[in-house]
Amino acid sequence: MEQRRSFIKDLLQSTEVDREVNAKGWVRTKRGNKQVAFVALNDGSTINNIQVVVDMANFDENLIKDITTGASLSVTGTLVKSMGQGQSVEIQAKEIEIYGTADSETYPLQKKGHSLEFLREIAHLRFRTNTFGAVFRIRHAMAFAIHNYFNDRNFYYLHTPIVTGSDAEGAGEMFRVSTFEPGKEPKTEEGKIDYTEDFFGKETNLTVSGQLEAELGATALSNVYTFGPTFRAENSNTPRHLAEFWMIEPEMAFYDIHDDMDLAEDMLKYLVKYALDNCIDDLKFLENRLIEEEKSKPQNERSEMPLIEKLQFILNDDFVRLTYTEAVDILKNSKPAKKGKFQFPVEWGIDLQSEHERYLVEKHFKKPVILIDYPRDIKAFYMKQNDDGKTVRAMDILFPGIGEIIGGSQREENYDKLSARIKEMGIPEKDMWWYLETRKFGTVPHSGFGLGFERLVLFVTGMSNIRDVIPFPRTPKNAEF
RNA sequence: UCCUCAGUAGCUCAGUUGGUUAGAGCACCUGACUGUUAAUCAGGGGGUCGUAGGUUCAAAUCCUACCUGGGGAGCCA
């Protein structure tokens, strides 16, 4: 009788031995001698492999030859207590079927470790490594936990459009969406491209944010969130930026900026705790990988604490909350400022530079920091204006090593103030009529924020390049796979 | 986009002030070994030194441009 396939994760936890089982997966390593071979098999259900013991006497020599790193197998045999050290159970193979061989001369993955840069060039195969297996299992867990978190708190998952007709958000350069043939665009009498002839009858782009649409949902459903792809055509070449990334944007009616911060902090802690509770094997692996990697670095470039401790540390303490103005005072009185070490001098009104944020988070407070009440001139039009006439109710959450992980604000709900600000900033009012109408009819105080999903995964996995926490990174000059 | 560092075997890297036939570890192939743990041991094959020019008797090594990648900055999530 055909044995039903078990996941390796379940087999490894099983105490029920001396029974026939079937496992399917990919070979990580094979070792042994003329009498017996040991095959480490992995099926992605866990970072751990199951050891398949092959008594050479029972199998065709050519079959065993084809079992090389990367080959895919179905193994039927007896789950037994391991005779060797290093694992509690193993499969004594009775039957082995090879689905696909992997020519050892040309298969790019080896038993030994590869650099992340090399693996990025073979992103179609990197899932098969321990590191990327761990990263993408954790990425899944975080996505799942986000839906859990919101579902448990009366939030509705709102699907905002990927193709948008408004370019008012001002969140960055956009990718145009058009069905015009390049070079053959119809022209108006003035010689400009005539978008009324285009598929949507107007100029359209890929979304840079679902926030404005989410606000519309929140003014009826109370609490909504979006979780979808976001596109920015910025020529950003850093380990923290992607042209295509995923963003979570909750939007809550009747929330002020303090409720907004409470939610953001609670959610981040929930997600970190979820990873610790559900992904500990993968986290342990990533922690060790990091320790190994940092051995070759000088002392001062190594992390201050191991990954798991760093995650636990986030849970234990409240995030520091202070105003932009207070932060500027701290920076002005800081050692680096007095010694002229900052490349950019600190002055009230400037947008804080990376070096300033890093000082606050990594040197001064040594914990996550939430900054609020930024100068209105450096923030978006929709943020609620404070009574001082100078600042807005914005909040940024800064994480060590990541920088801004969340950016949010209380929204301006006053029609007159909002439309005045739109005019002031030269945003085409005719494109914003629908947004403004939510302030005309039954307006409510409301708030929201945007969480960069990859930045979250970056923090939780301890990886250092954002291109290694999304399966197929899209960056300037790179859309391979 | 700017600054900076790098590109040598399938992978990771060494290669001195320019000087014979460019090396190592791992991987791969062959062989040995009765239970291995990224197995071990012995042997073997494997290179247009990122690309294109230039300097020189002579270039992996020096110069210029370009390409690719890392790190930092800006833009931001």
Side-chain angles (χ1 to χ4, degrees), chain A residues 28-40 48-57 65 68-70 80 82-87 90 92 102-122 129-130 169-173 208-211 229-249 264 292 296-297 301 343-344 351-358 378-380 396-399 402-408 449-459 464-468 470 475-478 480:
Chain A
R28 283 296 169 77
T29 68
K30 182 180 70 172
R31 39 179 186 268
N33 52 49
K34 263 185 185 166
Q35 277 70 38
V36 61
F38 301 93
V39 177
N48 300 306
N49 305 323
I50 196 155
Q51 173 155 283
V52 178
V53 185
V54 184
D55 188 342
M56 302 293 259
K65 257 195 173 157
T68 57
T69 300
V80 296
S82 179
M83 287 164 66
Q85 310 263 304
Q87 60 279 317
E90 63 193 17
Q92 199 79 43
D103 178 26
S104 48
E105 297 263 14
T106 50
Y107 184 63
L109 293 174
Q110 303 165 7
K111 300 177 196 178
K112 286 240 174 183
H114 294 281
S115 69
L116 297 172
E117 293 82 9
F118 171 68
L119 292 171
R120 223 171 279 152
E121 288 168 18
I122 52 165
T129 63
N130 285 332
E169 226 277 329
E173 291 294 308
V208 293
S209 164
Q211 180 200 313
T230 310
F231 307 86
R232 305 261 167 103
E234 297 287 351
N235 192 8
S236 298
N237 292 287
T238 84
R240 295 179 304 279
H241 291 87
L242 291 163
E244 177 184 286
F245 63 100
W246 290 67
M247 189 154 63
I248 298 100
E249 294 175 292
E292 285 301 314
S296 58
K297 286 187 179 173
E301 285 176 30
Q343 203 189 328
F344 300 89
D351 212 350
L352 296 180
Q353 306 290 317
S354 283
E355 57 177 351
H356 306 140
E357 296 180 347
R358 289 248 291 275
I378 58 171
K379 288 290 182 185
D396 281 3
I397 302 188
L398 309 175
F399 260 36
I402 309 285
E404 186 181 340
I405 195 166
I406 278 180
F449 61 84
L451 165 65
F453 185 55
E454 282 76 18
R455 289 191 181 172
L456 170 78
V457 179
L458 210 49
F459 181 77
S464 48
N465 193 313
I466 201 163
R467 296 162 198 209
D468 295 330
I470 188 168
T475 53
K477 301 273 180 293
N478 183 16
E480 189 71 44

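All chains are named by letter (A, B, ...) in the order of the sequence lines, taking the proteins before the strands, and each is independently numbered beginning at 1.
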Using a cut-off of under 3.5 Å, enumerate the N/O to N/O pairs linking the protein to nucleotides 31-35 of chain B.
residue, atom, partner, partner atom, Å
rA32(B), OP1, K34(A), NZ, 3.3
rU34(B), O4', Q35(A), OE1, 3.3
rG35(B), OP1, N33(A), ND2, 2.4
rG35(B), N1, E90(A), OE2, 2.8
rG35(B), N2, G84(A), N, 3.4
rG35(B), N2, E90(A), OE1, 2.6
rG35(B), N2, E90(A), OE2, 2.7

Counting N and O atoms only, with roles assigned by atom type, does the side chain of [X] sit under 3.5 Å from a partner on the main chain of [Y], one being a donor and the other an acceptor?
X	Y	answer
Q87(A)	Q51(A)	no
Q353(A)	D351(A)	yes
S236(A)	T238(A)	no
R455(A)	R240(A)	yes
E249(A)	G210(A)	yes

**Request:** Would you classify R28(A) as touching base, sugar-phosphate or nothing, given that sugar-phosphate means primed atoms plus P, OP1 and OP2, and contacts are heavy atoms under 4.0 Å?
**Result:**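 It contacts nothing in the nucleic acid.
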**Message:** Does L456(A) reach a base, just sugar-phosphate, or nothing at all? Heavy atoms under 4.0 Å.
**Reply:**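 Nothing, no heavy atom under 4.0 Å.
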Rounded distance (Å) that lies between atom [atom2] of [N] and atom [atom1] of [X]:
X	N	atom1	atom2	value
R232(A)	rC75(B)	CZ	P	13 Å
Q85(A)	rA38(B)	CD	P	13 Å
E355(A)	rA73(B)	CD	P	9 Å
E404(A)	rG74(B)	CD	C1'	14 Å
E357(A)	rC76(B)	CD	P	11 Å
N237(A)	rU68(B)	CG	C1'	12 Å
I248(A)	rA77(B)	CD1	C1'	10 Å
R240(A)	rA73(B)	CZ	C1'	9 Å

Expressed in whole Å, how much space separates the [atom1] atoms belonging to [N] and [M]?
N	M	atom1	result
rU40(B)	rA27(B)	C1'	16 Å
rU8(B)	rG25(B)	C1'	15 Å
rC13(B)	rA73(B)	C1'	29 Å
rG69(B)	rG45(B)	P	36 Å
rG74(B)	rC11(B)	C1'	35 Å
rG35(B)	rU48(B)	P	41 Å
rC76(B)	rC63(B)	C1'	40 Å
rA24(B)	rU64(B)	C1'	33 Å

**Asked** Do the side chain of S236(A) and the base of rC75(B) come within less than 3.5 angstrom through a donor-acceptor pair of N or O atoms?
**Response** yes
**Request:** Please evaluate the base of rC76(B) for a donor-acceptor partner in the side chain of R455(A) within a cut-off of under 3.5 Å?
**Result:**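 When only heavy-atom distances are counted, R455(A) does reach the base of rC76(B) through a donor-acceptor pair under 3.5 Å.
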**Request:** Return the set of residues passing ring-ring contact (aromatic ring centres under 6.0 Å, His included) with Y107(A) (not counting sequence neighbours), or none when no residue passes.
**Result:** none
**Asked** Nearest nucleotide by nearest heavy atom, which residue falls closer to the 5' end of RNA chain B, I406(A) or S464(A)?
**Response** S464(A)
Looking at [X], I'd like to know whether one of its side-chain N or O atoms comes within less than 4.0 Å of OP1 or OP2 on [N].
X	N	value
R467(A)	rG69(B)	no
N465(A)	rG71(B)	yes
T238(A)	rC76(B)	no

Atom pair [atom1]/[atom2] of [X] and [Y] - distance to nearest 0.5 Å:
X	Y	atom1	atom2	value
F118(A)	L109(A)	CZ	CG	7.0 Å
I466(A)	L458(A)	CD1	CG	6.0 Å
I406(A)	D396(A)	CD1	CG	10.0 Å
I402(A)	R358(A)	CD1	CZ	11.0 Å
Q110(A)	R28(A)	CD	CZ	14.0 Å
E90(A)	F38(A)	CD	CZ	7.0 Å

**Message:** With no hydrogens and no angle check, just 3.5 Å: does a side-chain donor-acceptor pair link R31(A) and T29(A)?
**Reply:** yes
**Request:** Both distances under 3.5 Å, Watson-Crick or G-U wobble: on that basis, could you give the dot-bracket string for RNA chain B, with [ ] for crossing pairs and | for other-strand partners?
**Result:** (((((((..((((.....[...)))).(((((.......))))).....(((((..]....))))))))))))....
Tabulate atom names and distances for all N/O pairs under 3.5 angstrom spanning the protein and nucleotides 9-15 of chain B.
residue, atom, partner, partner atom, Å
rG10(B), N2, Q110(A), OE1, 3.3
rG10(B), N2, Q110(A), NE2, 2.9
rG10(B), N3, Q110(A), NE2, 3.3
rU12(B), OP1, S115(A), OG, 2.9

**Complete:** From the candidates rA77(B), rA73(B), rG71(B), the one with an atom nearest any side-chain atom of P239(A) is rG71(B)
**Item:** Nucleotide nearest R31(A) (side chain, heavy atoms from C-beta), chosen from rC28(B), rU36(B), rA77(B)
**Value:** rU36(B)
**Prompt:** Are any of the side-chain heavy atoms of N235(A) and N237(A) separated by less than 4.5 Å?
**Reply:** yes
**Request:** Go through the steps for E454(A) and H241(A) under the test side chain to side chain contact (heavy atoms under 4.5 Å, CB included), then give the verdict.
**Result:** CA-CA 9 Å; E454(A) 282 76 18; H241(A) 291 87; over 6 Å; no
Using atom names, set out every protein N or O paired with an N or O of nucleotides 3-5 of chain B below 3.5 Å, distance rounded to 0.1 Å.
none

**Complete:** Taken in chain and number order and not counting sequence neighbours, the residues that satisfy side chain to side chain contact (heavy atoms under 4.5 Å, CB included) with N465(A) are R120(A), P239(A), R467(A), D468(A)
